[in-house]
There are 2 protein chains.
Amino acid sequence: MATIKDVAHKAGLSVTTVSRYLNNHPYISDEKKEKIRDAMEELDYVPSSLATQLRSNRGTMIGVLVSRLTNPYFAYLVDAIEKKAKQQGYRLLIMQTYGDKQEEINTLEMLKEKTISGLIMCAVENDLETVESYAKYGAIAVSTQTDYKSDRLRLITTNQEQATYDAINFLIRKGYTGIAYSTGGDFTDQSHGSYRNKGYLRALEESDIKLNERWIFKNNHTIEDGMEIAVQLSRLNEKDRPDAIFAGSDEVAIGIIRKFEQLNIRVPADIAVMGFDNQPFSSLAKIPLTTVGQPMETLGQQAASLIISMIEGTEFAIDESQLKLKIIERESA
Amino acid sequence: MATIKDVAHKAGLSVTTVSRYLNNHPYISDEKKEKIRDAMEELDYVPSSLATQLRSNRGTMIGVLVSRLTNPYFAYLVDAIEKKAKQQGYRLLIMQTYGDKQEEINTLEMLKEKTISGLIMCAVENDLETVESYAKYGAIAVSTQTDYKSDRLRLITTNQEQATYDAINFLIRKGYTGIAYSTGGDFTDQSHGSYRNKGYLRALEESDIKLNERWIFKNNHTIEDGMEIAVQLSRLNEKDRPDAIFAGSDEVAIGIIRKFEQLNIRVPADIAVMGFDNQPFSSLAKIPLTTVGQPMETLGQQAASLIISMIEGTEFAIDESQLKLKIIERESA
DNA sequence: TTGAAAGCGCTAACAG
DNA sequence: CTGTTAGCGCTTTCAA
């Protein structure tokens, strides 16, 4: 591979001048520019981004950390980030944690290695104190709802609490009053999904609906989990049964509906089912799912813009108004 | 950030020794090892991967090129590649082409930049001659079925021709004889999907079924395309109608089925529908899809192992037996 | 407007 | 077993 030296030699100039050309410095005569261009062309020269980064101490690689790429939520997020990043001349290094804290740490360590100049964490496993301790090595943006305040870390938040509140109210307005609830966490304040729990609780409270502990289902993620919930629900006494369930995820919702079908429980006539995420398959289901859609596209775009601004030391204000979740009404509720 | 120099200084040793330690060279006394370890610990030292790569001329980054990450086929592929790569100490740089030839070239150029030491092309837009011309700059593995022979380029092939042949025979054995066919390409030999076309044609021929041009649908990709196909099929005279259609993609299949439902055409009773890909939603559909499953997991693993072996100059033999597509029978056919 | 020279952080002969 | 030294390919003073 040709180096800057070869180009300089062939053009009869110094490497300095060639370097200047590469970086669009002023003060190069057009004549030399021409020569350099020709030499580069002839040698099929491409600057080594490695050397550039090492010397100039500014990288062009952005890390993106997700739980699993096969989860469409993350796939769409990464898709949006990739488009925006490419457009601004940045590359993406993708890592998956699969929910593992240590993997997350390993990725954060790449900031020290200078492999990446910034990291977008689309999900977070460790506590934010730990994450923040890496902020001195590079830019970090985290997508999560939290009360944690920090000026080294930028947070890019969607309002899960509000979305859940809205969703439950949507059900209430539709006349449902017995609203069961499924969560991926354990329904405590520290668990995953705690902000959604708050939204659920707040909506019930405002409508003077008493919480029924037996209608709370914890640690559910998969279609199978959903089917199990449906079984449990079906075992309840007719009058002890909720008339709706907020499933917390589209997978779980699909599982519930599928099992209900086998049990001859009609959706939404007997029990309405509401999902969360608006997965691609949700509109394709046998009973198209009423669900909550997340703004993956704008979330990804803004995350990319944010991290780039942090890397480059410019300002970027997140536009919260673009980051709203919205209820997507179809047939299951 | 601490450098190797700082570590050497603090440990009272030369950078060479520290470098040796970093690279697990023999000939270092345990005593010094200890010192180095301590110094690194204290300084929170992490080697700059940039400098290492520049100097040693061996990188640790693998490029992965896909059409769109939001296509589950690619998401699952990348997922598998990521796992395998991580396990071997490599990182993934992801690029999307969105079907654009120039984007593919841009990605190939990264081989020259030394940004990546190898590239896995999960799909290919340009002709293989062009791709091959980049092979001198780094390892390239391409996943595509082709007759193109090359020793600079490694191909990792699934047998689309055979899978389609098998699928059509599956339909034939089920008693269907009028088998329509939809393709993403234009049904010519050069287009996307030409190997599938061959499989279709071969199966028909072997069963002495004459090709009916009016049952060939070209350039279809989306659910909407599928719905349009269904409309056209419904307009055919009852006796001119096929009794099955091989849709070429699950999306198209879903579209066809959905429209058929509106038109009161029963699936599979009136017309059987077969998809391709086994997308995650395919089993979830109203009428669970009979389709062809691709071995994304092993394909991804083998692609990763292959490119790593190429980068490291070792041998790796692709295990074709693991790369078989298989028919997944559900209800639509 | 141009060039010489000194590194960025690391590795790899070569010499002890 | 350990250190000296010369770069990898590029950018950036400094001086001309």
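Chain identifiers are assigned alphabetically (A, B, ...) following the order of the sequence lines, protein sequences preceding nucleic acid strands; residue numbering begins at 1 within each chain. Remember, predicted model here, so these are calculated numbers, not experimental data.
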Subject >> Spacing of A/I4 atom CD1 relative to D/dC10 atom P, expressed in whole Å >> reply: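 Distance, rounded to whole Å: 5 Å.
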Subject >> A/N57 CG - D/dT13 P separation (whole Å) >> reply: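 From A/N57 CG to D/dT13 P: 13 Å.
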**OP:** Sequence neighbours left out, what pairs pass salt bridge (Lys or Arg N to Asp or Glu O under 4.0 Å) with at least one residue falling in residues 2-27 of chain A?
**Re:**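 For residues 2-27 of chain A, and leaving out neighbouring residues, the salt bridge (Lys or Arg N to Asp or Glu O under 4.0 Å) pairs sorted by first residue read A/K10-A/E42.
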[X] side-chain N/O to [N] phosphate OP1/OP2 under 4.0 Å:
X     : N      : result
A/S19 : D/dT11 : yes
B/K32 : D/dC1  : no
A/N23 : D/dT11 : yes
B/S29 : D/dT2  : yes

**OP:** Name every residue in residues 38-46 of chain A that has at least one heavy atom under 4.0 Å from any atom of DNA chain C, in order of residue number, or write none if there are no such residues.
**Re:**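 Hits under 4.0 Å, by residue number: none.
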Sequence-distant partners of [X], side chain to side chain donor-acceptor pair (under 3.5 Å), two or more places apart:
X      : answer
A/R55  : none
A/K112 : A/E109, B/D44
A/S14  : A/T17

Distances for protein N or O near nucleotides 5-7 of chain D N or O, under 3.5 Å:
unit_1	atom_1	unit_2	atom_2	d
D/dG7	N2	B/R55	NE	3.2
D/dG7	N2	B/R55	NH1	2.6
D/dG7	N3	B/R55	NH1	2.7

Subject >> Donor-acceptor contact present, side-chain A/T52 to main-chain A/S48, <3.5 Å >> reply: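 Answer holds: yes.
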Show me, pair by pair, the donor-acceptor contacts under 3.5 angstrom made by side chains of residues 152-159 of chain B, not counting sequence neighbours?
unit_1	atom_1	unit_2	atom_2	d
B/R154	NH2	B/F316	O	2.9
B/T157	OG1	B/T144	O	3.3
B/T158	OG1	B/Q160	NE2	2.9
B/N159	OD1	B/Q145	NE2	3.4
B/N159	OD1	B/E161	N	3.4
B/N159	OD1	B/Q162	N	2.9

Original post:
Closest heavy-atom contact between B/M61 and B/Y90?
Top reply: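 Closest heavy-atom pair between B/M61 and B/Y90: N-CD2, 4.4 Å.
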Original post:
Shortest non-hydrogen contact from A/L22 to A/Y45?
Top reply: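 A/L22 and A/Y45 have their closest heavy atoms at CD2-OH, 3.7 Å.
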Original post:
For the side chain to side chain contact (heavy atoms under 4.5 Å, CB included) test, which of B/L111, B/I311, B/I62 pairs with B/I116?
Top reply: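 So, applying the side chain to side chain contact (heavy atoms under 4.5 Å, CB included) to B/I116 and each of B/L111, B/I311, B/I62, only B/L111 qualifies.
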Subject >> 5'-most by nearest nucleotide on DNA chain D - A/T52 or B/R20 >> reply: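 The residue mapped nearer the 5' terminus is B/R20.
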Original post:
Want to settle it: does B/S56 or B/L13 sit nearer the 5' end of DNA chain D, counting the closest nucleotide to each?
Top reply: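 That would be B/L13.
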**OP:** Quick one: which residue pairs count as a side-chain hydrogen bond (donor to acceptor under 3.5 Å, both in side chains) with a foot in residues 116-132 of chain B, not counting sequence neighbours?
**Re:**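 Counting only pairs at least two positions apart or across chains, the side-chain hydrogen bond (donor to acceptor under 3.5 Å, both in side chains) contacts touching residues 116-132 of chain B are B/E104-B/N126, B/D127-B/T130, B/E132-B/Y148, B/E132-B/S150.
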Original post:
How would you give the extent of chain A contacts on DNA chain C, as first and last nucleotide 5' to 3' within a 4.0 Å heavy-atom cut-off?
Top reply: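 The protein-touched segment is C/dT1 to C/dG9.
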Which atom pairs, donor and acceptor, lie under 3.5 Å between side-chain atoms of residues 63-81 of chain A and protein residues at least two apart or in another chain?
unit_1	atom_1	unit_2	atom_2	d
A/R68	NH2	A/T70	OG1	2.7
A/N71	OD1	A/Y73	N	2.8
A/D79	OD1	B/Q96	NE2	2.9
A/D79	OD1	B/Y98	OH	2.5
A/D79	OD2	A/K83	NZ	3.4
A/D79	OD2	B/Y98	OH	3.2

Please list every donor-acceptor pair under 3.5 Å in which a side-chain atom of residues 295-307 of chain A meets a protein atom from a residue at least two apart or in another chain.
unit_1	atom_1	unit_2	atom_2	d
A/E297	OE2	A/Q301	NE2	3.3
A/T298	OG1	A/P295	O	3.3
A/T298	OG1	A/Q322	O	2.9
A/Q302	OE1	A/D319	N	2.9
A/Q302	NE2	A/D319	O	3.3
A/S305	OG	A/Q301	O	3.1

Original post:
Bend angle of the helix from C/dT1-D/dA16 to C/dG16-D/dC1 from five-pair axes at both ends, rounded to 10°?
Top reply: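 Taking five pairs per end, the axes differ by 40°.
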**OP:** Please tell me if the side chains of B/L108 and B/I140 come closer than 4.5 Å, counting only heavy atoms from C-beta onward.
**Re:**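 Touching, per the 4.5 Å side-chain cut-off.
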Subject >> Test: B/R37 and B/E41 ion pair at under 4.0 Å >> reply: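 Looking at B/E41 together with B/R37, the answer is no, because their closest N to O distance does not fall below 4.0 Å.
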Original post:
Side chain of B/T17: nearest nucleotide among D/dC10, D/dT12, D/dT2?
Top reply: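 The closest nucleotide is D/dT2.
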